[in-house]
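So the structure is just underneath, and the comments pick up after that.
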Amino acid sequence: MKIGVLGAGAFGTALAVALAREGQEVGLWARDPDQAARLQTERRNERRLPGVDLPETVSVSAEIASVAQAEILLLAVPMQQMAGLLIQHRAALDGRALIGCAKGIDLASGRGPTQIIGEACPKAVPAILTGPSFAADIARGLPTALTLACGDDARGEELQGALSTPVLRLYRTSDTVGAELGGALKNVVAIAAGVVMGAGLGDSARAALMTRGFAEMNRLALALGARAETLSGLSGFGDLVLTCTSTQSRNFRFGHALGKGEAFDPSTTVEGAATAKAVSQLAKKRGIDMPIANMVGALVDRNITVAEAVSTLLARPLRKE
Ligand SMILES: NC(=O)C1=CN([C@@H]2O[C@H](COP(=O)(O)OP(=O)(O)OC[C@H]3O[C@@H](n4cnc5c(N)ncnc54)[C@H](OP(=O)(O)O)[C@@H]3O)[C@@H](O)[C@H]2O)C=CC1
Ligand SMILES: O=C(CO)COP(=O)(O)O
């Protein structure tokens with residue numbers, strides 16, 4: 001089955017490389033014609049995924065209509081860009097299997113990837129690929145396990161088969177809500193974990209933050225219809241652990257810089273920043289307590305200082321676990 005990847009960033013390029021290494025023909029779409037031409041001739045994406053060669057079976061193009069002819073399309077653009085991309089290119093994309101790879105919630109609509117896909121492209125088969133996996137690890141061929149969530153389990157099984165490789169192992173679920181909320185919320189907690197470490201609060205405080213963050217993830221996700229086992233799986237707990245404990249994570253590094261009072265490159269993709277605000281809004285509407293997400297949203301907007309955020313969290317009333 002031919003596969004198309006829309007978005008030639010770190011993750012899109014890594015997925016294209018991993019699938020092409022298994023002999024798959026992969027079309028990779030970069031929106032900028034100059035960048036597409038450079039990748040196609042140089043066979044490298046030095047800006048987003050340095051040091052990785054593109055296999056011969058990857059062809060890079062800025063023509064979305066040609067890449068979109070593939071049966072399966074992976075949408076590897078940042079969350080806040082996904083709705084615009086789908087609406088702009090609906091004619092080319094509707095009716096395909098469209099697999100969201102972004103980890104976040106759209107700030108304007110409060111929706112996750114599969115709902116955004118379903119609304120923009122009503123004839124598409126919406127799915128999501130998520131779980132603990134750094135682009136650089138995938139590109140190096142290191143073993144990774146991810147979650148493929150599709151509401152239509154029969155189509156999900158086809159996609160699972162088409163996108164798995166011996167080292168990229170996909171587990172399957174029909175719980176799209178749980179899979180996408182796990183991936184979105186763990187980025188918010190990872191920013192908070194970075195703040196804790198950057199502010200010098202220590203490993204014990206990070207473990208406490210991760211645990212309370214996981215409780216918070218469950219509270220919102222279950223209220224929105226997710227299954228508890230999805231949150232405990234790769235797309236929730238698994239990715240929470242990875243992202244809160246690795247300096248490879250951009251969300252963690254962004255939080256670390258906040259905690260230390262250092263600057264951070266604004267061109268870096270940090271999905272948890274907008275998503276913190278999106279989930280705070282979702283939770284507020286439902287009366288759900290999300291102190292960590294609220295704190296991250298306020299820090300991102302510079303409405304509070306790190307010292308104020310820490311003392312607010314520590315001053316919360318003592319309660320049952
Ligand atoms: N990197 C990782 O390890 C992983 C990332 N993800 C998820 O994948 C998603 C993408 O992240 P990642 O690839 O790392 O991000 P990058 O910052 O590396 O790349 C983002 C890419 O999206 C492109 N892009 C941005 N806006 C648009 C648009 N409107 N239309 C078309 N293309 C656009 C950018 O193009 P341009 O260069 O022209 O700006 C760039 O190629 C995120 O949601 C992230 O959470 C998931 C798992 C792992
Ligand atoms: O989602 C990821 C790993 O699973 C990548 O995390 P960052 O976006 O924080 O780099």
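Atoms within a ligand are numbered from 1 in the order they appear, just like the ligands themselves.
- For ligand 1, the polar-atom distance check finds an N/O of Thr269 within less than 3.5 Å of one of the ligand's N/O atoms.
- Of the N or O atoms in Pro78, none lie within a sub-3.5 Å distance of an N or O in ligand 1.
- Contact annotation: for Asp239 versus ligand 2, heavy atoms closer than 4.0 Å belong to the side chain alone.
- With ligand atoms numbered from 1 in the order given, ligand 1 contributes 26 (N), 29 (N) to contacts under 4.0 Å with heavy atoms of Gln81.
- Contact annotation for Lys103 and ligand 1: heavy atoms of both the backbone and the side chain come within less than 4.0 Å of the ligand.
- Summarising the contacts of atom 3 (C) of ligand 2 with Gly238, Ala136, Ser133, the nearest heavy atom is found in Ser133.
- The shortest N or O to N or O distance between Thr243 and ligand 2 is not under 3.5 Å.
- Any N or O atom pair closer than 3.5 Å counts here, and Thr269 shares no such pair with ligand 2.
- With a 4.0 Å heavy-atom cut-off, ligand 2 is reached by the side chain of Lys103 but not by its N, CA, C or O.
- Here is the list of ligand 1 atoms found below 4.0 Å of a heavy atom in Ser133: 3 (O), 47 (C), 48 (C).
- Every N/O-N/O distance between Trp29 and ligand 1 stays at or above 3.5 Å.
- Note: an N/O pair closer than 3.5 Å links Glu271 and ligand 1 by distance alone.
- Within the 4.0 Å heavy-atom criterion, the part of Lys186 lying near ligand 2 is the side chain and not the backbone.
- Looking at ligand 1, you won't find any N or O of Phe134 less than 3.5 Å from one of its N or O atoms.
- When non-hydrogen atoms are compared, ligand 2 lies under 4.0 Å from the backbone of Pro132 (N, CA, C, O) but not from its side chain.
- Judged by the shortest distance from any of its heavy atoms, Arg47 lies inside the 4.0 Å radius around the atoms of ligand 1.
- Here's the thing with Phe11: one of its N/O atoms is less than 3.5 angstrom from an N/O atom of ligand 1.
- Scanning the protein for heavy atoms near atom 41 (O) of ligand 1, the closest one is Gly9 N, 3.0 Å.
- Ligand 1 places these atoms under 4.0 Å from at least one heavy atom of Ala102: 43 (O).
- Arg227 and Ser174 share a donor-acceptor pair across their side chains, judged by distance under 3.5 Å alone.
- Listed by number with element, the atoms of ligand 2 under 4.0 Å from a non-hydrogen atom of Arg250 are 7 (P), 8 (O), 9 (O), 10 (O).
- Interface atoms of ligand 1 facing Ala135, defined by a heavy-atom separation under 4.0 Å, are 1 (N), 2 (C), 3 (O).
- In this structure, Cys101 has a heavy atom closer than 4.0 Å to ligand 1.
- Within the 4.0 Å heavy-atom shell around ligand 1 one finds Val77.
- The closest protein non-hydrogen atom to atom 14 (O) of ligand 1 is Arg250 NH1, 2.8 Å.
- Shown in contact with Leu242 at under 4.0 Å from a heavy atom are these atoms of ligand 2, numbered in order with element: 3 (C), 4 (O).
- Using a 4.0 Å heavy-atom cutoff, Gly104 is absent from the residues neighbouring ligand 1.
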